[in-house]
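Presented below is the structure to which this report refers.
For clarity, every value in this text was computed on a predicted model and none was experimentally measured. One-based numbering, in listed order, for ligands and for the atoms of each.
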Amino acid sequence: MRIRKVVFPVAGLGTRFLPASKVVPKEMLPLIDKPLIQYAVEEAVDAGCDTLIFVTNRYKHSIADFYDKSYELEAKLEAAGKHELLSIVRNLLPPGVRAVFVTQPEALGLGHAVLCAKAVVGNEPFAVMLPDDMIWNRGHGALRQMVEIAEEQRASVIAVEDVPREHTNRYGIVSAEPVTETLARLRGVVEKPKPDAAPSTLAIVGRYVLDPRIFELLETTGTGSGGEIQLTDAIATLLREQPVFSYRFTGRRFDCGNRLGMVQATVHLALEDPELHAPVVELMRERLSRE
Ligand code: G1P
């Protein structure tokens, strides 16, 4: 079955970006000229998704505004003959792609956020994307790669990446049996283990393709790491019932959930941008020569 629906859990507080995130949701902070959320949305659209489900709260209205039609802005750009900008503004969501907003009334964890989307997703496999993990690609996006595998294997697929052992307590960590160089059958998964207790250094990155059975499991998943309802814990139950694969995606991930990751992503994107490349290299050269 085709994966058409994607859930973006975006109700987090974003305290690492205070004071900016006091009024601007962290998903709306820009990497160059696009808000972080739009990079994930474009990756979802590239993967063939047509229903984007944002799990938000009362402080995140600007995300809905961003995907709403702006008549005044469009009229002004049209009158000024700024057709390129007009087309960018009009195609934030391409034709045929719709945005649905669901409220997460309480911040009870990632698993709880995903569960809030149950009624909209229904009984079909779906994707979950955490926009903090920005994955840059020259070719097709990470989610598209995963959707192809999920459809082929008719199974859930979780994106993973090797991390330094001292960072295992920041991630869900998997143990898996290799099938190919990039694909492995998941045997276990644990949320944020201490380095000496981690079963491996293979970490879950914010991309999942999941069987809808996960919703029922989430309903009975108690609080786990950090006192929150963890998606990882429900996945640990799911893999005892049906095959779940981990997949080492092609692409470069930036952890935009913290300041350094935002800087790394910004520099990377600037260097990839035809207009910005030369002046940014120049700026770096000049700055580094004084370092
Ligand atoms: C969440 C998941 C974790 C995963 C991580 C990826 O953690 O719970 O398993 O490894 O995203 O970014 P969070 O970063 O929300 O604490």
Heavy atoms only: give me the nearest [X]-[Y] pair and the separation to one decimal.
X      : Y      : result
Ala117 : Ile53  : CB-CG2, 4.0 Å
Pro30  : Met262 : O-CE, 4.2 Å
Glu43  : Leu143 : OE2-N, 3.0 Å

Test item: side-chain donor near acceptor, Thr232 and Glu191, under 3.5 Å: yes
Give the residue and atom name of whichever protein heavy atom lies nearest to [atom], and the separation in Å to one decimal.
atom                    : answer
atom 9 (O) of ligand 1  : Glu191 OE1, 2.7 Å
atom 13 (P) of ligand 1 : Lys192 NZ, 3.7 Å
atom 12 (O) of ligand 1 : Asp133 OD2, 2.7 Å

Polar atom proximity, Gly172 to ligand 1 (N or O, under 3.5 Å): yes
N or O pair under 3.5 Å between Ile204 and ligand 1: yes
Residue-ligand contact Leu130/ligand 1, heavy atom below 4.0 Å: yes
Non-hydrogen atom of Thr232 closer than 4.0 Å to ligand 1: yes
For Gln230, atoms of ligand 1 separated by under 4.0 Å from a heavy atom: 8 (O)
Plane angle bin for Phe54 and Phe101 - parallel if under 30°, tilted between 30 and 60°, otherwise perpendicular: parallel
Arg90/Glu78 salt bridge by N-O under 4.0 Å criterion: yes
